[in-house]
Every structure is written in C-alpha cells, then in structure tokens.
Amino acid sequence: MALATPLRHLIAGQPAAPEPTGAPASLTAQRAFLPHHRGRLHARFAASPSAGTARVVATAAAGAAGRPTVLVTEKLGAAGLELLRSFANVDCAYELTAEELRAKVSLVDALVVRSATRVSREVFEAARGRLRVVGRAGVGIDNVDLQAATEAGCLVVNAPTANTVAAAEHAVALLAAMARNVAQADASLKAGKWQRSKYVGVSLVGKTLAIMGFGKVGSEVARRAKGLGMDVIAHDPYAPVDRARAIGVDLVSFDEAISTADFISLHMPLTPSTTKLFDDETFAKMTKGVRIINVARGGVVDEEALLRALDNGTVAQAALDVFFEEPPPKDSKLVHHENVTVTPHLGASTMEAQEGVAIEIAEAVIGALKGELAATAVNAPMVLAEVLSELSPYIVLAEKLGRLAVQLVAGGSGIKGVKVVYSSARDPDDLDTRILRAMITKGIVEPISSAFVNIVNADYVAKQRGLRIIEERILLDGSPEVPINSIQVQLANVESKFAGALSDEGDIRVEGKVKDGTPHLTLVGPFSVDVSLEGNLILCRQVDQPGIIGKVGSILGKMNLNVNFMSVGRIAPGKQAIMAIGIDEEPEKEALKLIGETPSVQEFVFLKL
Ligand SMILES: NC(=O)C1=CN([C@@H]2O[C@H](COP(=O)(O)OP(=O)(O)OC[C@H]3O[C@@H](n4cnc5c(N)ncnc54)[C@H](O)[C@@H]3O)[C@@H](O)[C@H]2O)C=CC1
Ligand SMILES: O=C(O)C(=O)COP(=O)(O)O
C-alpha cells in the first residue's frame with residue numbers, strides 16, 4: 001500500500017493531479033508537520049482516493065501538463081507570484097468583469113484575489129466543481145461567499161497577518177493627517193494658497209482614542225497611539241481582557257467607548273452584525289466634535305448617516321480608507337466633504353505588506369493544491385499538523401469503512417442513521433475525530449452520488465442528504481499512545497445485499513483497525529476477519545468446512561487474479577463462516593459467477609475499496 005511517509009491526508013475526492021514539475025520539492029515535507037516559519041501550522045490535508053492509495057491532492061482537474069492553474073485577479077507581490085509560478089500555471093488577469101471572471105473560473109484550480117474581486121455564489125457555480133481553492137491575499141473575506149464556497153467543497157484561505165502593521169500604520173497616518181489637516185492643506189498650497197489660520201489642527205496628546213475591534217490591527221493601533229501620548233480605550237466583545245490590559249488598554253462597553261472618545265478608530269470585520277453599526281443612533285451618542293477613522297470596511301458605517309453627522313457637526317472630521325462601494329461614486333458627497341480625508345483602500349498597500357501577503361497566500365494556496373490545509377483556512381475546521389500526522393492511517397481506514405459499508409446496502413433501502421464507534425484508550429478530549437467523521441461521510445456518499453466530499457463540505461453534504469452521523473466513544477484500558485484501537489461503522493435499519501454483514505441488531509456493521517500503519521478490516525457483521533484494506537474485496541459466506549478456501553482460491557488463480565490477503569472468520573467450527581479475500585484487480589463477471597456457483601457458498605459480494 002502506498003502509505004508513504006509523510007502520509008497524505010484527505011481533502012478532496014477528485015482524481016489525483018500529478019505532482020507538478022518544478023515545485024519546490026522540500027515545501028511539502030517542510031510544511032507538512034512542522035510549525036510554519038512564522039509560527040503558524042500548516043496541516044497536511046490531502047485526499048484518500050477511492051483506488052486505495054493515500055495520495056490525492058486537492059486539485060480537481062489539473063491542466064493537461066499536470067500543473068494546476070491559478071487565476072490571479074488582482075495585483076500580487078512579485079515574490080508570491082514567483083512562488084505560485086514555480087508550482088502552477090499562473091494566469092494574471094486584472095479588472096475582470098463579473099462575466100469574464102465567471103468565464104475563466106471553470107478553467108482554473110485556484111483563484112487568488114484581494115478585496116476588489118467579488119467571489120459570489122455565481123462564481124462558484126460557474127466553476128463547475130473545478131475550483132478547489134480561493135486565496136484571499138489579505139484579511140477581510142467579506143468579498144467571498146463563504147457559504148457557497150463550503151457547499152462547493154472549495155477551501156478558502158486568507159493571509160491574515162502580513163498586512164496587520166501596514167493597516168495599523170495607515171490608521172495612525174490618517175489619524176495624524178486628519179488632526180493636522182495635512183491633505184486639505186497640501187491641496188490648498190498646491191492650488192497656490194497659503195492658509196495657515198484655516199488649517200489649525202487639534203493635538204493628539206492626552207486625547208481619548210476608542211479602538212472599535214481590538215484584534216490584530218486594533219491592538220497595533222493602540223500600541224502606536226499610546227506612544228503618541230493618547231489615552232486608549234477599546235470595545236471588542238470577544239477580545240481577551242488580559243491582552244488589552246497588557247498594553248494598557250481598558251476594554252469598555254460600546255456606548256462608553258463611543259460616548260467618551262475624542263477619536264474613534266474602526267477595526268472590526270464586516271459581518272451581518274457589524275453592517276451599518278455606525279448609524280444615526282450611534283452618531284447621536286458620540287461626543288460633539290468626535291473624529292473618526294475607518295480603515296476596516298466601509299460597510300460598517302451608514303455613509304448617509306455619517307454625512308449627516310459631519311454636516312451637523314457631531315463628527316468634526318472623518319478619515320476614510322474604505323467605502324461601502326469601492327471605488328465610491330465620483331460625485332460622492334462624503335469623498336468631497338471638506339472635513340473628510342480619503343485614501344483609496346490603501347491600508348494594506350505597503351511594499352513590505354504586499355510582498356508578505358503575496359508569499360503568505362501563495363504558500364497557503366500551493367499547500368492546499370497539494371492537499372495540505374493551511375492554518376489560515378477560513379471555511380474548514382483546523383486540524384493541527386501533529387493530529388493529522390498521527391491520524392493518517394485512521395483517515396484512510398475511516399473512508400474505506402464508509403465505502404465498504406455503503407456498498408453492502410441493498411439498493412432502495414436508503415441510509416438513515418450512521419453510527420461511528422471509536423474504541424480508544426485516549427481521553428476523548430485528546431481525540432479530534434472531525435476529520436475521521438468527514439472521511440466516513442466521504443466514503444459513504446461518494447460511491448452513491450456525484451457529490452465529491454472533503455473536510456470543507458462533509459458536514460454540509462451529510463446534512464443535505466439527511467445523513468445523521470452519531471459518534472460514540474468506547475473508553476478502553478491501555479496505552480493512550482495509540483490514538484484509536486478500532487473504528488466501527490454501523491448503518492442502522494437498512495437491508496444488506498450481504499446478509500452476513502448484518503449484526504444481531506440488524507445493522508450493517510464493519511469494523512477496522514490500523515495494523516503496522518495499514519488499515520485492516522477486522523469485523524463484518526458478527527464475523528471477525530483480518531484483511532488488509534487494499535485493492536478490492538470479495539466477501540463470501542459459507543458453511544465452515546474443509547476445501548472451500550482452496551476452491552475459491554483456485555477460481556481466482558485460474559482467472560489470473562492476485563490474492564493479496566485472505567482471512568476466514570467463523571462463529572464456531574462447522575457453523576457459518578465468512579471468507580474475506582483481498583484482490584488487486586477487479587475480477588471479470590465470469591470469476592464472480594463461478595465463486596457464486598461454488599457449492600456451500602451461500603452468498604458473496606464484490607466490494608471496491
Ligand atoms: N484597509 C485595509 O487595507 C485593511 C483593512 N483591514 C480590515 O481591518 C479589520 C480588522 O482586521 P484584523 O485586525 O486583522 O482582524 P481581527 O480578526 O484580528 O480583528 C477583528 C476584531 O474585531 C472584533 N469584533 C468583531 N465584531 C465586533 C463588534 N461587533 N464590535 C467590536 N469588535 C468586534 C473581533 O473580536 C476581533 O478581535 C478587518 O475588517 C479587515 O478587513 C485589514 C487589513 C487591511
Ligand atoms: O486585508 C484586508 O482586509 C484589506 O482590506 C486589504 O485589501 P487589499 O488586499 O489591499 O485589497
């Protein structure tokens with residue numbers, strides 16, 4: 001079995017794309033299980049294929065040359081582009097219309113965007129299953145329809161750290177420029193005027209700055225503002241108090257923040273709950289003459305309300321880097337307001353940040369195309385690299401058990417409930433089974449549908465199909481060193497095309513273990529067997545008696561079918577027994593017919609692993 005080290009784990013159910021030539025060979029190995037060089041983890045996350053090897057990458061359909069294709073729709077730093085080109089065919093096509101994007105997206109495996117490309121549901125639909133990764137070269141993913149991505153099984157990754165300082169510096173630049181009328185004075189002087197008294201500013205020292213959203217950018221702004229001698233308070237319902245306290249910032253309520261601040265700087269994401277959070281009502285609670293900076297997202301502010309607040313003097317000045325609509329309309333009253341300083345979404349636009357973001361996203365996209373899952377995955381559960389490494393063979397086992405179980409279902413009986421029982425000596429809190437559950441779903445769903453399933457969409461697909469998966473743990477005595485002793489998959493209340501697979505309770509039941517790193521089938525219904533889960537499997541039920549193994553073996557031999565494993569499980573001598581035979585190739589119908597005709601064989605089934 002091709003369970004090479006390091007193992008590849010599961011992300012997609014699509015055919016394998018060959019390892020693209022020219023890829024930095026060391027990247028896979030380095031990123032697989034080691035902490036990322038910036039302290040983040042990249043988790044390996046490749047697919048387990050139906051064919052039995054654990055070696056399928058996330059690319060749905062790589063180009064003819066075997067290299068995946070990446071579409072880059074906005075300007076990306078050169079080093080990131082170079083990295084992408086070392087691995088994939090890269091198509092840089094900027095300023096595409098929505099229609100042009102939809103036309104191109106079905107021809108690519110990954111899409112890299114910044115904030116200006118709207119990756120809508122229509123884009124995922126137009127991709128027709130090929131698009132496997134969307135890389136957002138920056139933080140805000142409000143321009144990507146995450147639900148549609150998840151439904152399509154498309155991984156979305158972002159680059160959340162490389163532009164933090166740039167955004168914070170831009171907020172501070174706007175804060176100071178606004179307070180001292182730099183932009184207005186500059187324009188006035190360039191227009192031939194010398195207006196010293198008109199542009200008297202306000203001081204920052206001793207003023208209160210309220211940071212709204214105390215995340216990465218917000219906390220960096222706070223640090224810098226403290227250096228300018230400002231009193232900094234912050235509002236963030238989800239930020240840890242200790243982190244704020246450590247840099248001398250008090251976390252306060254929303255109302256306290258906005259009603260006591262001289263300056264308010266916005267640093268929260270655009271979400272349904274932050275959309276137009278700053279509306280007439282909010283402005284009315286602010287101190288008269290407050291100054292506002294927005295380097296977050298235009299959508300968190302009701303721009304009409306801000307205009308009214310500027311006109312009635314509630315807000316003395318605003319400095320805006322972001323707008324509800326980008327670019328804003330040419331005649332935008334807000335943009336042209338004399339008390340408003342504007343920049344065209346430049347928060348992340350420093351040479352350093354753009355190079356950093358480009359490398360960060362290129363690495364994440366390449367990793368995902370190779371079947372790894374970056375720590376920056378936005379729409380998939382994060383599974384740590386060490387966990388993936390340890391669970392590798394169980395991931396393969398989980399999918400194969402799902403695949404086996406579903407093939408045992410008699411047509412038309414429908415699958416309602418799935419129960420997965422993990423036997424383990426490990427504390428349940430130390431055993432993350434999400435990826436195993438996802439792969440069991442994949443194993444069950446893929447053989448019976450056109451859906452492809454990966455960890456991104458497994459739960460969604462299961463829900464869509466009304467598949468209820470219950471997980472149960474059996475706590476064993478023994479060493480917690482071994483993560484799992486066995487995995488059992490039960491399909492409740494179904495008819496089986498192989499009655500021998502039914503437990504006494506009437507469920508289809510298959511159980512497996514990992515032995516020497518290889519998945520084995522160890523239980524079928526009530527019968528203990530031991531067969532390595534490779535290639536294909538024939539299960540025969542017969543009355544236990546001498547000679548049957550030889551007969552069936554000789555049929556397979558005559559048909560030139562290589563038996564890689566064989567095991568007989570019986571309830572008691574002379575009673576019912578099951579023969580599990582692992583074969584490399586798919587047998588001809590004739591061979592199966594002859595097995596069925598062998599005296600004493602009561603039933604048999606051929607199963608593809
Ligand atoms: N203008 C630009 O070029 C850039 C803009 N950004 C934007 O800046 C914002 C912050 O980015 P990061 O700090 O990297 O993100 P982050 O995720 O580290 O921080 C966001 C913080 O907002 C908080 N938050 C969420 N809902 C909130 C609410 N209702 N009220 C108050 N706080 C709330 C979260 O708890 C979190 O701590 C994002 O909107 C991002 O898109 C980031 C980089 C560049
Ligand atoms: O990272 C973010 O959230 C940003 O807003 C930066 O956007 P950009 O990549 O410069 O279009």
Side-chain angles (χ1 to χ4, degrees), residues 1-3 48-53 393 396-397 399-410 443 447 486-489 496-503 508-609:
M1 173 148 206
L3 290 180
S48 167
S50 49
T53 67
V396 179
L397 173 65
E399 184 186 350
K400 294 203 171 194
L401 289 174
R403 200 170 273 280
L404 275 186
V406 78
Q407 289 178 78
L408 289 165
V409 174
S486 67
I487 303 176
Q488 188 172 109
V489 175
S496 177
K497 60 169 83 147
F498 185 74
L502 291 172
S503 70
I508 288 181
R509 196 167 289 194
V510 286
E511 184 180 286
K513 294 185 178 182
V514 170
K515 296 187 177 183
D516 296 328
T518 306
H520 280 235
L521 178 68
T522 53
L523 190 82
V524 177
F527 299 96
S528 293
V529 294
D530 189 357
V531 57
S532 162
L533 287 169
E534 298 174 71
N536 302 303
L537 190 66
I538 294 174
L539 293 177
C540 285
R541 184 165 59 94
Q542 73 270 352
V543 177
D544 181 39
Q545 58 184 261
I548 295 199
I549 296 178
K551 278 185 198 147
V552 174
S554 81
I555 293 171
L556 295 171
K558 271 192 207 132
M559 294 288 173
N560 215 14
L561 291 165
N562 193 33
V563 173
N564 61 36
F565 233 94
M566 186 181 252
S567 156
V568 179
R570 61 186 187 184
I571 294 170
K575 296 264 165 56
Q576 294 275 304
I578 269 193
M579 191 161 35
I581 308 162
I583 46 172
D584 292 333
E585 302 86 9
E586 189 169 339
E588 299 283 334
K589 278 207 175 84
E590 183 59 19
L592 293 174
K593 191 167 161 267
L594 289 174
I595 292 171
E597 286 166 5
T598 307
S600 303
V601 167
Q602 295 170 326
E603 59 170 350
F604 79 98
V605 66
F606 168 71
L607 305 165
K608 286 186 186 179
L609 299 175

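Values below: all heavy atoms of this structure, side chains included; hydrogens, waters and symmetry mates excluded.
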Of all heavy-atom pairs linking Lys608 and Gln407, the shortest is O-NE2, 2.5 Å
Calculate, to the nearest 0.5 Å, the distance between atoms NZ and CG belonging to Lys497 and Leu539 respectively.
11.0 Å
For a quick test of reading the model, state the closest non-hydrogen atom pair linking Phe498 to Ile578 and the distance between them.
CE2-CD1, 3.5 Å
Determine whether a donor-acceptor pair (N or O, by modelled atom type, separation under 3.5 Å) exists between the side chain of Glu603 and the backbone of Ala499.
yes
Run the side chain to side chain contact (heavy atoms under 4.5 Å, CB included) check on Val510 and Leu523 step by step: do they pass?
CA-CA 5 Å; Val510 286; Leu523 190 82; over 6 Å; no
Report, as yes or no, whether the 6.0 Å neighbourhood of atom CD on Glu585 holds more than 12 heavy atoms from other residues, nucleotides or ligands.
yes
Mind checking side chain to side chain contact (heavy atoms under 4.5 Å, CB included) for Pro447 and listing every partner two or more places apart, or none if nothing turns up?
Arg403, Val406
Applying side chain to side chain contact (heavy atoms under 4.5 Å, CB included), can you list everything that pairs with Leu556, at least two apart in sequence or on another chain?
Ile538, Val552, Leu561, Val563, Ile581, Ile583, Ile595
How far apart are the closest heavy atoms of Gly500 and Pro526, and which atoms are they?
O-CD, 3.5 Å
Heavy-atom closest pair (Gln576 atom, Phe527 atom, distance to 0.1 Å) is O-CE2, 3.6 Å
Would you say Thr522's side chain and Glu511's backbone share a donor-acceptor pair under 3.5 angstrom?
yes
Does Lys593 have more than 12 heavy atoms from other residues, nucleotides or ligands lying within 6.0 Å of its NZ?
no
Any side-chain heavy-atom pair of Val543 and Gln602 under 4.5 Å:
yes
